[in-house]
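Order of listing sets the numbers, starting from 1, for every ligand and every atom in it. Below, each value reflects all heavy atoms present in this structure, side chains not excepted, and no hydrogens, waters or symmetry copies. Counting begins at 1 with the first residue of the sequence.
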Amino acid sequence: MDQSDVGPDLAEVLLTEEQLTKKLDEMAAQIDADYAGKDLLLVGVLKGAVMVMADLSRRLHHPVQMDWMAVSSYGSGTKSSGVVRILMDLRSDLTGRNVLIVEDIIDSGLTLSWLVSNLRSRGPESVEIASMLRKPDAAQADVDVKYLGYDIPNEFVVGYGLDYAENYRNLPFVATLAPHVYGG
Ligand SMILES: Nc1nc2c(ncn2[C@@H]2O[C@H](COP(=O)(O)O)[C@@H](O)[C@H]2O)c(=O)[nH]1
Ligand SMILES: [Mg+2]
């Protein structure tokens, strides 16, 4: 699928499928090196991280386990409220585990900052973060990302797991939306 399959709803492709693939290869190689000989539990944050989790985990050369959480951090609008609720919790016991949180994007960082503290309170050996995207200009909380794909401008993006009203998650690239889609 490319931009022409979506039509006028997309404004600009920020990251192509090729750029995402290149970064996934680099991130997986680094994770493989860092966790060689160690147990590793990947924790994906639903729903946005589904694509990163699937593509990253398949590139790893040592066995991992995967688990999922769903959290809600939105107030009334499209910005994180910082008040995080767990909608679906992990099934795994984190005691003594090496946990790698897999995320689609870090915007304000409020969700991940809360999540890291929450998971650290469960007795793991380590908790680190892998995120495909980050918006440095939107940061409101200090989040230490060990494996990062790309820094992007402070704009609302869709594709590669990211939605607008549950649409566009299946785009294999990352794009901005045309203003007419969100009433701009
Ligand atoms: N579709 C999009 N979803 C986004 C975007 N920026 C953030 N988000 C979602 O919010 C959480 C984390 O937000 P944070 O402010 O607490 O860091 C992130 O995981 C996404 O689900 C965006 O541009 N497009
Ligand atoms: Mg997310």
Consider every N or O of [X] and every N or O of ligand 1, then say whether any pair is closer than 3.5 Å.
X: Lys135; result: yes
X: Val157; result: yes
X: Asp104; result: yes

In plain terms, say whether [X] and [Y] are close enough for a salt bridge, that is, a side-chain N and a carboxylate O under 4.0 Å apart.
X: Arg97; Y: Asp39; result: yes
X: Asp89; Y: Arg122; result: yes
X: Lys22; Y: Glu26; result: yes
X: Lys38; Y: Glu125; result: no
X: Arg59; Y: Asp25; result: yes

Counting heavy atoms only, which of Ser108, Gly48, Ser113 comes nearest to atom 15 (O) of ligand 1?
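Looking at heavy atoms only, the winner is Ser108.
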Compare Val158, Leu112, Asp107 and give the one whose heavy atom is closest to atom 6 (N) of ligand 1.
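Selected option, by shortest heavy-atom distance: Asp107.
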Closer than 4.0 Å to some heavy atom of [X] - which atoms of ligand 1 meet that?
X: Asp163; result: 1 (N), 2 (C)
X: Glu103; result: 19 (O)
X: Gly109; result: 14 (P), 15 (O), 17 (O)
X: Thr111; result: 12 (C), 13 (O), 14 (P), 16 (O)

Quick one: sort the Tyr164 and Phe156 rings into parallel, tilted or perpendicular, breaks at 30° and 60°.
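It falls in the perpendicular class, over 60°.
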Please confirm whether Glu155 comes under 4.0 Å of ligand 1, counting heavy atoms of the residue only.
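Distance cut 4.0 Å: Glu155 passes for ligand 1.
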Strictly under 4.0 Å, does any heavy atom of Phe156 approach an atom of ligand 1?
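Contact check Phe156 vs ligand 1: positive.
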In Asp104, what N, O or S atom is nearest to the Mg ion (ligand 2), if we give its atom name?
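The atom in question is OD1.
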Proximal heteroatom of Glu103 relative to the Mg ion (ligand 2) (N/O/S)
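Relative to the Mg ion (ligand 2), the closest nitrogen, oxygen or sulfur of Glu103 carries the name OE1.
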Decide yes or no for [X] and [Y]: does some side-chain heavy atom of the first lie under 4.5 Å from some side-chain heavy atom of the second?
X: Lys135; Y: Ile106; value: no
X: Met53; Y: Trp68; value: yes
X: Leu10; Y: Val158; value: yes

